[in-house]
**Student:** 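What follows is a single structure, and I will ask about it in a moment.
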2 protein chains.
Amino acid sequence: MNIGEIARRAGVSRSTVSYVLSGKRAVSATTRQRIQAVIDELGYRPNASARALKEGRTRTLGLVIPPANQRLTDMQLGFVASVVEAAARHDLDVLLSPSGGDHDRSFERIVTGRRVDGVVLMEIRLTDDRVTRLATAGVPFVTIGRTAEPHGMSWIDVDYAALISRCVHHLADLGHRQVALVNRSAELVAAGYGPSHRALAGFRAATAERGLTGIDVCCGDDTASGEAGMTQLLATHPQVTAVATINEAALPGMQRALHAAGLSVPGDFSVTGVAAQHWAEDFRPPLTAADVPTRDMGAEAVSLLLELIATPGGTPRHRLYAPPISLRESTGPARTR
Amino acid sequence: MNIGEIARRAGVSRSTVSYVLSGKRAVSATTRQRIQAVIDELGYRPNASARALKEGRTRTLGLVIPPANQRLTDMQLGFVASVVEAAARHDLDVLLSPSGGDHDRSFERIVTGRRVDGVVLMEIRLTDDRVTRLATAGVPFVTIGRTAEPHGMSWIDVDYAALISRCVHHLADLGHRQVALVNRSAELVAAGYGPSHRALAGFRAATAERGLTGIDVCCGDDTASGEAGMTQLLATHPQVTAVATINEAALPGMQRALHAAGLSVPGDFSVTGVAAQHWAEDFRPPLTAADVPTRDMGAEAVSLLLELIATPGGTPRHRLYAPPISLRESTGPARTR
DNA sequence: TTGTATGCGTTATCAC
DNA sequence: GTGATAACGCATACAA
């Protein structure tokens with residue numbers, strides 16, 4: 001089933017069928033209707049490969065996600081969902097590439113096979129080979145997260161430094177003197193994971209500014225790690241009365257450890273941080289936290305990418321999100337343990 | 001950058017370059033090396049659209065997921081991850097289509113635009129338009145889940161009826177006389193969601209067989225719904241001493257409700273069901289449950305699909321998974337409340 | 001061992 | 001208002 005078959009059945013040339021489809025040339029009402037009838041009857045749609053070859057664009061966006069062997073965090077999942085949704089609104093398809101390793105066939109196909117018109121890159125590191133790879137290959141791309149030197153590229157990111165800083169100030173205002181940061185996993189930090197490093201920087205700056213004692217610990221992205229990490233923190237730093245975290249998946253475990261230690265929140269201990277809304281609302285009591293607007297961010301990433309594709313010589317743009325801290329019920333005045 | 005450019009630089013014809021790439025014809029070592037050098041130098045890779053047009057296949061699989069506006073369950077996420085991973089192992093890309101509504105552009109593009117060689121369909125209903133759509137369009141497809149009449153199609157599925165039946169028998173063996181099934185949401189059930197219906201059928205058959213009183217309730221896929229649902233269940237059916245569930249996302253809420261009611265698990269109340277391993281292990285105490293092998297299932301779906309693509313006239317195959325119930329610590333002898 | 005020619009299905013330029 | 005035709009980049013049957 002191709003355009004020639006439609007043309008034959010409608011008794012017209014292929015170009016006329018093409019112009020009915022694109023509307024780029026006037027076609028008389030009668031022939032247009034005749035052609036449209038045949039198209040509808042046979043359920044014809046142009047072959048995507050042929051069209052892509054001819055037009056030089058695929059109407060497809062690439063989305064590079066973390067390797068499939070590790071479970072996506074809720075925030076990552078939120079980005080994926082919103083990117084896919086935003087792309088669909090523009091009638092664009094999304095090609096998934098689970099990339100993170102060194103030599104990645106899937107990623108290479110995307111970069112150099114002209115399979116996509118542009119790429120959204122997730123989970124990037126402070127120094128990230130994939131970014132330079134895409135840049136040299138001349139593929140338009142937008143990153144969710146940013147490298148250490150993001151000048152000249154399009155990106156969106158959460159301002160972890162500012163958000164964690166705000167959390168610390170909030171805790172300081174409540175009278176807390178020793179606070180801890182529960183970060184993501186040590187592996188991630190070692191790999192130069194931006195959010196971890198920037199959150200830590202913000203934490204250190206804020207604790208210094210307010211004269212607080214700041215402890216920072218790494219923690220795996222799961223309940224068990226959260227429980228173990230919090231248990232250890234409570235044992236080794238008995239003076240700590242509050243934590244801020246960017247590790248949403250550890251929250252249930254942290255809660256469990258606090259409960260096991262006989263500490264009530266926020267009476268004996270305060271908890272705050274940055275988390276997807278779902279985690280914050282499921283915490284008991286509901287978590288005072290910055291809710292990351294993953295939905296808006298994915299849409300914005302697609303928007304920036306389309307801009308980049310439309311105007312190849314255009315100026316890259318970026319956007320740093322610092323959503324407000326939603327005051328819920330997990331933080332309160334300091335009380336010595 | 002195309003094959004002609006490579007040929008020009010290497011001083012050979014385009015076909016020779018093509019044959020070096022494919023290895024389908026002998027090429028002298030010297031010219032091969034010369035060509036390969038140029039290819040490596042320029043980082044050339046064949047244009048995917050041109051190749052797809054010529055070969056009649058895209059080396060891409062479609063993956064139809066639930067609409068992006070609702071959060072994916074962990075099980076769904078597991079399927080997506082394993083399908084993507086399995087496809088990558090075969091050097092295939094995955095095109096995502098968030099479809100569920102009635103008239104879906106993204107899905108139509110996939111079906112009729114020849115963008116993919118085959119489709120993996122998730123979250124299908126007992127009667128599912130998309131299945132008939134794909135079948136009439138002649139697109140090879142495999143479903144994760146199955147329709148009411150899955151004869152003649154390739155599918156994989158979890159045997160919810162058998163698993164829930166086993167759970168009920170396990171509870172009956174422990175002396176429970178009144179048990180409940182916590183199902184997925186009422187909307188899903190009304191929409192003809194297969195797992196819900198089959199779990200319910202298995203539940204009814206098993207309770208009847210063992211002479212138990214069986215209550216079944218629907219419950220949204222989140223903590224809050226789980227808590228509300230369990231709270232209500234405990235209030236309206238004080239004789240119930242155990243539940244089986246297929247709603248993993250409701251587990252934390254159910255746990256919370258049991259705790260609030262002063263019921264200990266498994267001392268006062270038993271909990272079991274079907275859940276991704278992660279949920280079972282995070283439950284306190286760890287949940288006696290059938291762990292759905294999402295990883296294997298996604299890989300098997302891809303395997304079946306590739307088989308279908310390779311032999312268009314071949315016999316469809318299917319596979320029903322009934323993983324064993326992992327005995328952990330959330331079930332115990334019945335004790336009247 | 002290598003080169004030439006054709007066609008995959010489309011869009012767009014040119015001609016009428 | 002419509003038709004013929006030339007690319008897009010590739011793989012391969014056919015020649016040499």
Side-chain angles (χ1 to χ4, degrees), chain A residues 1-36 38-39 42-60 91 93 109 111-117 137-139, chain B residues 1-36 38-39 42-60 91 93 109 111-117 137-139:
Chain A
M1 176 54 44
N2 58 30
I3 200 171
E5 176 71 9
I6 304 296
R8 202 182 57 70
R9 298 207 189 204
V12 295
S13 73
R14 292 185 321 218
S15 43
T16 303
V17 176
S18 178
Y19 282 117
V20 165
L21 253 12
S22 69
K24 292 187 181 175
R25 170 164 107 173
V27 176
S28 77
T30 55
T31 56
R32 180 175 50 244
Q33 282 163 14
R34 192 168 74 245
I35 292 170
Q36 192 60 54
V38 177
I39 288 174
L42 301 188
Y44 164 78
R45 296 192 53 117
N47 179 304
S49 301
R51 171 180 282 200
L53 176 59
K54 179 62 186 167
E55 292 194 327
R57 62 176 183 141
T58 58
R59 298 166 189 267
T60 304
D91 281 334
D93 287 318
R109 280 198 300 271
V111 174
T112 189
R114 300 223 175 337
R115 299 183 72 85
V116 299
D117 298 333
V139 178
Chain B
M1 176 56 41
N2 58 33
I3 200 170
E5 177 70 9
I6 303 296
R8 202 182 56 69
R9 298 207 188 203
V12 295
S13 74
R14 295 188 319 221
S15 55
T16 303
V17 176
S18 179
Y19 282 118
V20 164
L21 252 13
S22 70
K24 293 188 178 173
R25 170 163 108 172
V27 176
S28 78
T30 56
T31 56
R32 179 173 52 243
Q33 282 162 12
R34 191 168 73 245
I35 292 169
Q36 192 61 54
V38 177
I39 289 174
L42 301 188
Y44 165 78
R45 294 191 57 116
N47 179 305
S49 300
R51 173 179 281 199
L53 177 59
K54 176 63 186 171
E55 292 193 325
R57 62 178 182 139
T58 58
R59 297 164 190 267
T60 303
D91 280 333
D93 288 318
R109 281 198 300 270
V111 174
T112 190
R114 298 226 173 341
R115 298 183 74 85
V116 299
D117 298 333
V139 178

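First the proteins, then the strands, lettered A, B, ... as listed; each starts at 1.
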**Student:** Between A:Val139 and A:Val111, what is the shortest heavy-atom contact and its length?
**Tutor:**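 So the two residues come closest at CG2-O, 3.3 Å.
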**Student:** What is the 5' to 3' range of DNA chain D, first to last nucleotide, that sits under 4.0 Å from any heavy atom of chain A?
**Tutor:**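 So the contact region on DNA chain D extends D:dG1 to D:dG9.
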**Student:** Once you build an axis from the first five pairs and another from the last five of the helix from C:dT1-D:dA16 to C:dC16-D:dG1, how far apart in angle are they, to 10 degrees?
**Tutor:**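 For the helix from C:dT1-D:dA16 to C:dC16-D:dG1, the axes at either end differ by 50°.
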**Student:** How would you give the extent of chain B contacts on DNA chain C, as first and last nucleotide 5' to 3' within a 4.0 Å heavy-atom cut-off?
**Tutor:**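 Counting from the 5' end, contacts occupy C:dT1 to C:dG9.
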**Student:** Using modelled atom types and a 3.5 Å cut-off, is there a donor and acceptor pairing between side-chain atoms of A:Arg115 and backbone atoms of B:Ala48?
**Tutor:**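 The answer is no, because no donor-acceptor pair under 3.5 Å joins these two groups.
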**Student:** Just to be sure I understand the rule, does B:Ser22 reach a base, reach only the sugar-phosphate, or reach nothing, if contact means heavy atoms closer than 4.0 Å?
**Tutor:**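 No contact.
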**Student:** Within the structure shown, what part of the strands sits under 4.0 Å from A:Ser49 by heavy-atom distance: base, sugar-phosphate, or nothing?
**Tutor:**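 No contact at all - A:Ser49 keeps every heavy atom at 4.0 Å or more from the nucleic acid.
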**Student:** For the residue pair B:Ala50 and B:Asn47, what are the closest heavy atoms and their distance?
**Tutor:**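 Taking B:Ala50 first and B:Asn47 second, the nearest heavy atoms are N-OD1, 3.0 Å.
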**Student:** For B:Gly11 and for B:Lys54, locate the closest nucleotide of DNA chain C by heavy-atom distance; then report the residue assigned to the nucleotide nearer the 5' terminus.
**Tutor:**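 Closest to the 5' end, via its nearest nucleotide, is B:Gly11.
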**Student:** Taking the nucleotide of DNA chain D with the closest heavy atom to each, which residue, B:Ser18 or A:Val12, is nearer the 5' end?
**Tutor:**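 Final value for this comparison: A:Val12.
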**Student:** Decide yes or no for B:Val12 and B:Val27: does some side-chain heavy atom of the first lie under 4.5 Å from some side-chain heavy atom of the second?
**Tutor:**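 A side-chain contact is absent here, since even the closest heavy-atom pair is not under 4.5 Å.
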**Student:** So B:Asp91 and B:Arg59, do their side chains get closer than 4.5 Å, heavy atoms only?
**Tutor:**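 Sidechains of B:Asp91 and B:Arg59: no contact.
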**Student:** Taking the side chain as C-beta and beyond, is there a heavy-atom pair between A:Arg109 and B:Arg45 under 4.5 Å?
**Tutor:**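 In contact.
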**Student:** Using modelled atom types and a 3.5 Å cut-off, is there a donor and acceptor pairing between side-chain atoms of A:Thr58 and backbone atoms of A:Ala52?
**Tutor:**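 Looks like no, no N/O pair under 3.5 Å.
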**Student:** I want to confirm an ordering. Mapping A:Ile3 and A:Tyr19 to their closest nucleotides on DNA chain C, which one lands closer to the 5' end?
**Tutor:**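 The residue mapped nearer the 5' terminus is A:Ile3.
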**Student:** Under 3.5 Å, side chain of B:Arg14 to main-chain N/O of B:Ile3, donor-acceptor pair present?
**Tutor:**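 No.
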**Student:** Name the nucleic acid region contacted by B:Ser28, choosing base, sugar-phosphate or nothing; use a 4.0 angstrom heavy-atom cut-off, strictly under.
**Tutor:**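 Here B:Ser28 touches the backbone only, sparing every base.
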**Student:** Can you name the closest pair of heavy atoms from B:Ile35 and B:Ala10 and give their distance?
**Tutor:**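 In terms of heavy atoms, the two residues are closest at CG1-CB, 3.9 Å.
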**Student:** Are the side chains of A:Ile39 and A:Leu21 in contact, using a 4.5 Å heavy-atom criterion?
**Tutor:**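 They are in contact (side-chain heavy atoms under 4.5 Å apart), so the answer is yes.
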**Student:** Any side-chain heavy atom of B:Leu42 sitting closer than 4.5 Å to one from B:Ile6?
**Tutor:**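 Of all side-chain heavy-atom pairs linking B:Ile6 with B:Leu42, at least one is under 4.5 Å.
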